[in-house]
Engineer: 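I have a structure I would like to understand better, so I am pasting it below and will then ask my questions one at a time.
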Amino acid sequence: MANLLLDDGTIESDLGEIVRELAPLGIQLRHYDPGTSLLFPNLVDQEVLTESERLYILELHNSVFEFIQQENEALWSDLLNLHPGSPNLHQLIATYGRYHTHNAAEPLYVLAGEMIYGFVRPDGSQVQLLIQAQDYLYIKAGVEHWCSPNGSLNFKAVRYFANAEGWVPKYTGTQMSDSLNKPR
Ligand SMILES: CSCCC(=O)/C(O)=C/O
């Protein structure tokens, strides 16, 4: 389940409150447990997946989450699999760890591990959202955000694509707030 860290140091872990807080920013958060995790109980520990395992997991979730693809007019999906040995891990962290937008919405469903997202509120303050297994996150096109895996460096998610450039970042130059990291 997700947690939201506000810039006054408050941590919100009630899903309804987090949803209410993020909605004005163009962000949806939902939690789905379709039971598929029972088929892959060791997914977080299994860092490397074979091509047939990737396809199996993807096809299973594509059939369960057909409505997510329809909602997003998604043309295709892929399985993002990050782990400490991922060859492109540092590149991905450098690419997505600065404030950026995308020209298409960013929908993803988390299978395992955790990811931290940063968002800017309408009043200019910043929040950090931690998402975990079975969370579904939807970021509207053009919404400023950054993201990074946490210290475990483990993250598996199904990403949905509406067009080929959808996940290409456009940097906005907004600096990450350090007020979230100040001792209180
Ligand atoms: C650090 S890879 C994850 C990419 C991602 O989820 C995202 O939101 C990019 O904007």
Side-chain angles (χ1 to χ4, degrees), residues 1-5 15 18-19 21-32 37 43-44 46-49 54 57-58 61-62 65 68-69 71-121 126-177 180-181:
M1 285 287 218
N3 276 327
L4 186 71
L5 173 62
L15 182 62
I18 299 175
V19 167
E21 188 67 49
L22 295 179
L25 281 61
I27 297 153
Q28 292 174 28
L29 181 70
R30 304 180 206 154
H31 190 83
Y32 293 119
S37 60
L43 205 51
V44 78
Q46 185 178 342
E47 295 186 342
V48 179
L49 298 171
R54 290 174 77 92
I57 293 170
L58 200 52
H61 288 88
N62 282 347
F65 291 130
I68 290 182
Q69 299 200 53
E71 273 176 14
N72 292 291
E73 295 175 1
L75 294 179
W76 76 93
S77 59
D78 78 358
L79 186 62
L80 177 66
N81 182 20
L82 301 184
H83 55 83
S86 294
N88 55 351
L89 185 61
H90 293 288
Q91 175 69 37
L92 280 169
I93 292 172
T95 303
Y96 292 117
R98 290 185 280 149
Y99 269 108
H100 61 272
T101 60
H102 302 285
N103 71 3
E106 185 179 312
L108 64 80
Y109 178 73
V110 185
L111 302 174
E114 297 180 330
M115 186 72 77
I116 301 168
Y117 282 79
F119 300 108
V120 184
R121 285 158 117 192
Q126 298 186 20
V127 294
Q128 288 183 12
L129 174 72
L130 175 79
I131 57 170
Q132 297 176 314
Q134 302 176 341
D135 288 334
Y136 168 73
L137 179 69
Y138 169 93
I139 304 174
K140 210 169 86 175
V143 171
E144 240 187 332
H145 64 281
W146 58 264
C147 70
S148 177
N150 71 359
S152 76
L153 301 177
N154 268 295
F155 187 67
K156 288 184 178 61
V158 181
R159 300 190 292 178
Y160 298 91
F161 295 82
N163 63 46
E165 296 81 38
W167 284 72
V168 176
K170 289 191 209 141
Y171 296 109
T172 59
T174 301
Q175 297 301 304
M176 286 161 67
S177 160
L180 290 170
N181 303 315

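Predicted model, so just to flag it, every value in this text is computed and none were measured. For ligands, and for the atoms within them, numbers begin at 1 and follow the listed sequence.
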Engineer: Under 4.0 Å from a heavy atom of C147: which atoms of ligand 1 are those, numbered in the order shown and with their elements?
Structural biologist: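 Near C147, the atoms of ligand 1 are 3 (C), 4 (C), 5 (C), 6 (O), 7 (C), 8 (O), 9 (C).
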
Engineer: So which heavy atom on A162 is nearest to which on N72, and how close?
Structural biologist: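 Closest approach of A162 to N72: CB-O, 4.0 Å.
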
Engineer: I'd like to check which ligand 1 atoms, numbered from 1 as shown, lie under 4.0 Å from a non-hydrogen atom of H102.
Structural biologist: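 Near H102, meaning under 4.0 Å from one of its heavy atoms, ligand 1 has 9 (C), 10 (O).
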
Engineer: Which residue owns the protein heavy atom closest to atom 8 (O) of ligand 1, what's the atom, and how far is it?
Structural biologist: E106 OE2, 1.9 Å

Engineer: When you measure from the side chain of Q175 to the backbone of G173, do you find a donor-acceptor pair of N or O atoms at a distance under 3.5 Å?
Structural biologist: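 A pair under 3.5 Å: yes.
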
Engineer: Should one rank F155, Y96, Y117, W146 by closest heavy-atom distance to atom 9 (C) of ligand 1, which comes out on top?
Structural biologist: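 Going through F155, Y96, Y117, W146 one by one, Y96 has the nearest heavy atom to atom 9 (C) of ligand 1.
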
Engineer: What atoms in ligand 1 come closer than 4.0 Å to a heavy atom of L80?
Structural biologist: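 Answer for ligand 1: 3 (C).
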
Engineer: Check whether any heavy atom of M115 sits under 4.0 Å from an atom of ligand 1.
Structural biologist: yes

Engineer: Determine whether the aromatic ring centres of residues Y32 and F65 are separated by less than 6.0 angstrom.
Structural biologist: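 Yes, close enough.
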
Engineer: Please identify which atoms of ligand 1 are closer than 4.0 Å to at least one heavy atom of H100.
Structural biologist: 9 (C), 10 (O)

Engineer: Within a distance under 4.0 Å of any heavy atom of L108, pick out the atoms of ligand 1 and give their elements.
Structural biologist: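 Atoms satisfying the 4.0 Å criterion: 6 (O).
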
Engineer: Testing the basics here: between L129 and I18, what is the closest heavy-atom pair and its distance to 0.1 Å?
Structural biologist: CD1-CG2, 3.9 Å

Engineer: Holding to ring pair (Phe, Tyr, Trp, His ring centres under 6.0 Å), I want the full list of residues that pass it with H83, two or more places apart in sequence or in another chain.
Structural biologist: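 Partners of H83 by the ring pair (Phe, Tyr, Trp, His ring centres under 6.0 Å) criterion come out as none, since no residue qualifies.
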
Engineer: Can you name the closest pair of heavy atoms from D135 and M1 and give their distance?
Structural biologist: OD2-C, 3.7 Å

